[in-house]
S.K.: 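Please see the structure below; I have some questions.
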Amino acid sequence: QVQLVESGGGLVQAGGSLRLSCAASGRTASSYTMGWFRQAPGKERKFLARISWSVGYTSYADSVKGRFTISRDNAKNTVYLQMNSLKPEDTAVYYCARWVYSGSYYDTGNYDYWGQGTQVTVSS
């Protein structure tokens, strides 16, 4: 069993920054590729970024490339999402999740464990 707990969300003005954290606990929590997603009200949950567990390969959705940075500290079993130049359209609940080593990173169905989410609100 793996538990994922996100933190770091909040209210920020447009142009500001936030750093989200995703703390993982449980067996081999740090040995998996991890992803960040977000879900705005009334919309589907969408992929933002992923990072591999060993070398730290990363990939990003076009909507956040150049503004968001995913990183991880395996010693702390924690994945981060640094978000800069935030826009009102970034307002959403942000989730981290563990990839099941099969299928597209963009597909929520290919992630087996999810955190409870953390709210990010960007005011204009």
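Side-chain atoms are counted along with the backbone in the values below, which use heavy atoms only and exclude waters and symmetry mates.
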S.K.: Are V2 and W36 co-members of a hydrophobic cluster defined by side-chain heavy atoms under 4.5 Å apart?
M.R.: yes

S.K.: For S104, does its backbone N or O pair with a side-chain atom of N110 as donor and acceptor, under 3.5 Å?
M.R.: yes

S.K.: How long is the gap from CG on D112 to CH2 on W99, to the nearest 0.5 Å?
M.R.: 11.5 Å

S.K.: For L20, does its backbone N or O pair with a side-chain atom of E6 as donor and acceptor, under 3.5 Å?
M.R.: no

S.K.: Distance to the ring centre below 6.0 angstrom and angle to the axis at most 45 degrees; does that hold for R45 and F37?
M.R.: no

S.K.: Taking the side chain as C-beta and beyond, is there a heavy-atom pair between I70 and M34 under 4.5 Å?
M.R.: no

S.K.: Quick one, L86 and F68 - any side-chain contact, counting heavy atoms below 4.5 Å?
M.R.: yes

S.K.: Measure the CZ-CG distance between R19 and L81 for me, rounded to the nearest 0.5 Å.
M.R.: 10.5 Å

S.K.: Under 4.5 Å between any side-chain heavy atoms of S52 and T33, yes or no?
M.R.: yes

S.K.: To the closest 0.5 Å, what do you measure between OG (S102) and CG (D107)?
M.R.: 10.0 Å

S.K.: Check for a donor-acceptor pair, side chain of R67 on one end and backbone N or O of S85 on the other, with a separation under 3.5 Å.
M.R.: yes

S.K.: Taking all heavy atoms of Q1 and all of Q3, pick out the closest pair and write down the distance.
M.R.: CG-NE2, 3.0 Å

S.K.: According to a 4.5 Å side-chain heavy-atom criterion applied to Ile, Leu, Val, Met, Phe, Trp and Tyr, with indirect links allowed, do I51 and M83 form part of one hydrophobic cluster?
M.R.: yes

S.K.: Output yes when a side-chain donor or acceptor of T91 lies under 3.5 Å from a complementary backbone atom of V122, and no otherwise.
M.R.: yes

S.K.: Can you list the steps and then say if K87 with D90 is a salt bridge (Lys or Arg N to Asp or Glu O under 4.0 Å)?
M.R.: CA-CA 5 Å; K87 307 173 183 179; D90 294 319; over 6 Å; no

S.K.: Kindly give the heavy-atom pair with the smallest separation between Y111 and W114, and that separation in Å.
M.R.: O-NE1, 3.5 Å

S.K.: Taking Y105 for its side chain and L48 for its backbone only, find out whether a donor-acceptor pair lies under 3.5 Å.
M.R.: no

S.K.: Would you call the rings of Y106 and F47 parallel, tilted or perpendicular, where under 30° means parallel and over 60° means perpendicular?
M.R.: tilted

S.K.: Q39 side chain to A92 main-chain N or O, any donor-acceptor pair under 3.5 Å?
M.R.: no

S.K.: Rounded to the nearest 0.5 Å, what's the gap from OG1 on T108 to NZ on K46? Could you check?
M.R.: 12.5 Å

S.K.: Using a 4.5 Å cut-off on heavy atoms from C-beta on, say whether the side chain of C96 contacts that of L4.
M.R.: yes

S.K.: Looking at every heavy atom in both L18 and G8, which two are closest together, and how far apart are they?
M.R.: CD2-O, 3.8 Å

S.K.: Could you tell me whether the side chain of S63 reaches within less than 4.5 Å of the side chain of R38, counting heavy atoms only?
M.R.: yes

S.K.: Would you kindly confirm whether Y80 and Y60 end up in one hydrophobic cluster when ILVMFWY residues are joined by side chain heavy atoms under 4.5 Å apart?
M.R.: no

